There are 2 protein chains.
Amino acid sequence: METKTDNELVTEKHFPEDLSAYALTKCPVTLTNLIIGGKWKPIIIHNVSLGINRFGELQRAMPGVSKKMLTQELRDLEHNGILNRKIFAEIPPRVEYSLTDWGRATLPILKSMAMWGLDYAKNLGIEN
Amino acid sequence: METKTDNELVTEKHFPEDLSAYALTKCPVTLTNLIIGGKWKPIIIHNVSLGINRFGELQRAMPGVSKKMLTQELRDLEHNGILNRKIFAEIPPRVEYSLTDWGRATLPILKSMAMWGLDYAKNLGIEN
DNA sequence: CAGTATCCACAATGATACTG
DNA sequence: CAGTATCATTGTGGATACTG
């Protein structure tokens, strides 16, 4: 499984909470869905890629999201290696999120989804 | 199409059941997620694109899916213009699904998701 | 500011039985 | 074969209150 470096002890790998759907099917698209799918994760990734990287900013940029969901999704993304979370020891507290390399590598997916969705919306006549 | 009452004229387009998440955000990625996202829809699309196009075949090709979910997801995809459903008047009954143009246009998305997922799985050491 | 914690409504899904 | 129908169960997410 993992560690090669002798000075770094890898006791816990950052596994997604539940990979059973992937374990069952071995479908890589299912895995991708588990990691960056759902209602909010793609939007978080997109916003962070734009530099919207603080909790409050994200909440304001995402109409309809609750604190609970935002926290939860941010934690998932962090634990699955998509986001970095940097805590500044200040008062008031400050936290900044940024994309990891894995996170940046998802941007082309979001891009192609956005293009398809835009076309589809135009076709439905609901793009605005 | 179903008319509920004889005095009610059904003029509705094939809108997704619930686009409220998109209506709220106007985010095209959200729209794409609503139409082809979730646990089963991408897998259905992929299988149909491979020529696995009958109900029973799909069920066998998708470990863990129930009849109910498969039916439901197939209907969603059909109503949203991703799949065609062709019924043959035979005994035993036969139904064949195929991709519409909109459905085929989602394949690049699935492709990029599959590539990312494959890399990610390899990185985790769980690709097999 | 950036979160936790708790309770709970209801949506999503599973199991099972039945059908043209 | 390709589904429906119904009930049971699980899970997801919202509201609210509280905290370092």
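Being a predicted model, the structure only gives us computed values, none of them experimental. So that the names make sense, note that chain A is the first sequence line, chain B the second, and so on, each numbered from 1. Note: hydrogens, waters and symmetry copies are ignored here, and every other heavy atom, side chains too, is used.
Applying the salt bridge (charged side-chain N to carboxylate O under 4.0 Å, His left out) test to residues at least two apart or on different chains, the pairs with a partner in residues 80-97 of chain B are E90(B)-R94(B), R94(B)-E96(B). Within the structure, the salt bridge (charged side-chain N to carboxylate O under 4.0 Å, His left out) test picks out no pair touching residues 110-121 of chain B (sequence neighbours left out). Screening residues 33-42 of chain A for side-chain hydrogen bond (donor to acceptor under 3.5 Å, both in side chains), with sequence neighbours left out, gives K41(A)-E73(A), K41(A)-D76(A). Judged as a side-chain hydrogen bond (donor to acceptor under 3.5 Å, both in side chains), not a single pair has a partner in residues 46-57 of chain A (not counting sequence neighbours).
Evaluation of the side chain to side chain donor-acceptor pair (under 3.5 Å) rule for R60(A) yields no partner, not counting sequence neighbours. Partners of A114(A) according to the side-chain contact (heavy atoms from CB on, under 4.5 Å) rule, which considers only residues two or more places apart in sequence or in another chain, are P28(B), V29(B). For T100(B), the side chain to side chain donor-acceptor pair (under 3.5 Å) test picks out no residue, with sequence neighbours left out. Not a single side chain to side chain donor-acceptor pair (under 3.5 Å) links T71(B) to another residue, sequence neighbours left out.
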Checklist outcome for this item: A correct dot-bracket answer for DNA chain D, with pairs being Watson-Crick or G-U at under 3.5 Å, [ ] for crossing pairs and | for inter-strand pairs, is ||||||||||||||||||||
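The stretch residues 45-60 of chain A touches DNA chain C through R54(A), F55(A), G56(A), each having a heavy atom within less than 4.0 Å of the strand.
Remark: P of dA2(D) and CZ of R75(B) are 11 Å apart, rounded to the nearest angstrom. A straight line from CG of L77(A) to P of dG3(C) spans 13 Å, rounded to a whole angstrom. A straight line from NZ of K41(A) to P of dT12(D) spans 10 Å, rounded to a whole angstrom. Rounded to an integer number of Å, the gap from L83(A) CG to dA2(C) P is 15 Å.
Within 4.0 Å (heavy atoms only), Y97(B) reaches sugar-phosphate atoms of the nucleic acid but no base atom.
If you check dA2(C), dG3(C), dA2(D) against the side chain of R85(B), the one that comes closest is dA2(D).
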Cut-off 3.5 Å, no hydrogens considered: what does the side-chain donor-acceptor table look like for residues 102-109 of chain A, sequence neighbours left out?
{"unit_1": "R104(A)", "atom_1": "NH1", "unit_2": "L99(A)", "atom_2": "O", "d": "3.2"}
{"unit_1": "R104(A)", "atom_1": "NH2", "unit_2": "D101(A)", "atom_2": "OD1", "d": "2.7"}
{"unit_1": "T106(A)", "atom_1": "OG1", "unit_2": "G103(A)", "atom_2": "O", "d": "2.7"}

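A donor-acceptor pair under 3.5 Å is formed between the side chain of T25(A) and the backbone N or O of A21(A).
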Checklist entry - If the sugar-phosphate is the primed atoms plus P, OP1 and OP2 and the base is the rest, what is the B/S/- string for nucleotides 13-20 of chain D, using protein heavy atoms under 4.0 Å? => result BBB----B
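Across all their heavy atoms, N80(B) and Y120(A) have their closest contact at O-OH, 2.6 Å.
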